[in-house]
Amino acid sequence: MNVIAKSTTLAPFLRATATAVSNGGIPVAATGKVHKPKIAVPPSVRRTLQQTTYQVLLTGPTCVSSGVAASTQVHQRRLAHTDIQWPDFSHYRKDEVQDPNAKSRDSASSRKGVSYLVAAGGSVAGVYGAKVIVLNLVGMLSASADVLAMSKIEIKLDSIPEGKSAVFKWRGKPLFVRHRGEAEIATEGKVDVASLRDPEEDSARVKDPKWLVVLGVCTHLGCVPIANAGDWGGYYCPCHGSHYDASGRIRKGPAPLNLEVPPYEFVEGNVLVVG
């Protein structure tokens, strides 16, 4: 029993001795401290984040440093950009400005001459092109040959006796050609122009006193008057009672103006051309 009791009291010392030997021969009970083995710390990890080309050009790549024994650090690193090669534009430059040390105002006159020449050539070409376009457009919109042929009419005056008035068709309108006698010419020449509604001399309405050429369209509402009728022996519109004299001037009735005189001329062979 004594042996068992003694062995029981020695048990803690035996365990301490075994532990001290395993830890390098220092008893735990003697020092009172527990030594832990050292843990190797791995080096910090540096990662470069992927960025766009725009961000790289502005700020450079971003670096992140982290580790077990170090706090995470984020910092940016700018590139030096010392290896940029400037492009060579000498092939595109003019001979006058190849030298980078030369002043551009010294060769400005020669360089402007070329620009002025190009501008002048372009202007001439543009004006010529505009002329061609306008001529083609006008030619397309103008009247055709058959229409132009109908715009004029030739009348042989030998077929109209004195004192008579002939009616023709010109541009879809009636045309009155009157062969006046000496008495009618003298009468129309003595008319007081100031008393007329539309004052106009007889000499201003005819190129040859013997021939009166007017359009047979009443100036009131476009009716066709009757020749050799009316109070003055000229033309009479029965629709509303307008009276014209032998010079085609309004003398009585609602018509406001004289009968219109178209453009005409006399040619050889006693021929009248109207239009």
Side-chain angles (χ1 to χ4, degrees), residues 134 137-275:
V134 171
L137 182 61
V138 172
M140 180 180 64
L141 298 178
S142 61
S144 57
D146 55 346
V147 175
L148 292 176
M150 294 177 61
S151 64
K152 292 186 178 182
I153 183 174
E154 294 183 357
I155 301 172
K156 293 183 178 181
L157 300 178
D158 296 337
S159 60
I160 304 175
E162 183 178 349
K164 297 296 180 180
S165 180
V167 183
F168 302 91
K169 185 178 181 181
W170 177 71
R171 295 183 180 180
K173 300 177 182 179
L175 178 69
F176 294 161
V177 180
R178 187 185 186 93
H179 190 177
R180 301 190 302 181
E182 295 294 337
E184 287 183 337
I185 296 174
T187 301
E188 299 303 331
K190 297 178 182 179
V191 174
D192 185 10
V193 179
S195 63
L196 299 178
R197 181 179 303 172
D198 186 10
E200 193 173 7
E201 292 284 350
D202 179 67
S203 59
R205 295 179 56 82
V206 295
K207 294 182 178 181
D208 186 348
K210 294 182 180 181
W211 299 100
L212 174 67
V213 182
V214 293
L215 293 180
V217 179
C218 181
T219 57
H220 179 218
L221 292 178
C223 303
V224 179
I226 299 174
N228 299 322
D231 296 344
W232 281 265
Y235 302 94
Y236 171 68
C237 181
C239 298
H240 302 93
S242 296
H243 297 257
Y244 301 88
D245 59 15
S247 184
R249 297 173 294 190
I250 183 65
R251 304 295 293 270
K252 180 182 178 181
L257 301 174
N258 303 331
L259 294 178
E260 181 182 357
V261 178
Y264 67 92
E265 60 180 353
F266 297 99
V267 296
E268 296 180 357
N270 201 17
V271 176
L272 173 67
V273 178
V274 182

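All residue numbers refer to positions in the sequence shown, counting from 1.
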- Item | Gap between atom CG of L175 and atom CD1 of I153 - 0.5 Å precision | 6.5 Å
- Could you tell me which non-hydrogen atom of W211 sits nearest to which non-hydrogen atom of V177, and how far apart they are? CE3-CG1, 4.0 Å
- Applying side-chain hydrogen bond (donor to acceptor under 3.5 Å, both in side chains), name anything that partners R180, two or more places apart in sequence or on another chain. D202
- Note on the structure: Residue set satisfying side-chain contact (heavy atoms from CB on, under 4.5 Å) with L137, at least two apart, ordered chain then number -> M140, L141
- The side-chain hydrogen bond (donor to acceptor under 3.5 Å, both in side chains) partners of D192 (sequence neighbours excluded) come to none
- Residue set satisfying side-chain hydrogen bond (donor to acceptor under 3.5 Å, both in side chains) with E184, at least two apart, ordered chain then number -> R178
- Query: Under the 3.5 angstrom rule, does the side chain of R205 hit a backbone N or O of V213 as a donor-acceptor pair?
  - Reply: no
- Item | Nearest-0.5 Å distance, CG of residue L259 to OG of residue S247 | 9.5 Å
- Mind checking what makes side-chain contact (heavy atoms from CB on, under 4.5 Å) contact with T187, not counting sequence neighbours? none
- Is there a donor-acceptor pair closer than 3.5 Å between any side-chain N or O of E154 and the backbone N or O of V273? no
- Taking all heavy atoms of P174 and all of V167, pick out the closest pair and write down the distance. CB-CG1, 4.3 Å
- Of all pairs that satisfy salt bridge (Lys or Arg N to Asp or Glu O under 4.0 Å), the ones with a partner from residues 258-272, not counting sequence neighbours: none
- Message: Given N258, which partner from the list R249, E200, R197 fulfils the side chain to side chain donor-acceptor pair (under 3.5 Å) test?
- Response: E200
- Query: CZ of F176 to OH of Y235: how many Å apart, nearest 0.5 Å?
  - Reply: 6.5 Å
Please set out all donor-acceptor pairs under 3.5 angstrom arising from side-chain atoms of residues 155-166, sequence neighbours excluded.
| from | atom 1 | to | atom 2 | distance (Å) |
| --- | --- | --- | --- | --- |
| D158 | OD1 | N270 | ND2 | 2.4 |
| S159 | OG | K156 | O | 2.8 |

- Query: If you round to the nearest 0.5 Å, how far is CG of L221 from SG of C239?
  - Reply: 8.0 Å
- Item | Any pair counted as salt bridge (Lys or Arg N to Asp or Glu O under 4.0 Å), so long as it reaches residues 206-232, sequence neighbours left out | D231-K252
- Message: Restricting to non-hydrogen atoms, name the atom on W170 and the atom on G275 that form the minimum distance, rounded to 0.1 Å.
- Response: CZ2-CA, 3.7 Å
- Query: According to the salt bridge (Lys or Arg N to Asp or Glu O under 4.0 Å) rule, which pairs have a member within residues 218-229, sequence neighbours left out?
  - Reply: none
- Gap separating the CD1 atom of I250 from the CG atom of L257, nearest 0.5 angstrom: 9.0 Å
- Task: Could you list the residues that satisfy side-chain contact (heavy atoms from CB on, under 4.5 Å) with P238, not counting sequence neighbours?
- Result: I226, Y236
- Looking only at non-hydrogen atoms, find the nearest pair between P225 and G216 and report the distance. CD-O, 3.4 Å
- Item | Sequence-distant partners of P254, side-chain contact (heavy atoms from CB on, under 4.5 Å), two or more places apart | H220, H240, S242
- Item | Derivation and outcome, side chain to side chain contact (heavy atoms under 4.5 Å, CB included), residues L272 and Y264 | CA-CA 7 Å; L272 173 67; Y264 67 92; 3.3 Å; yes
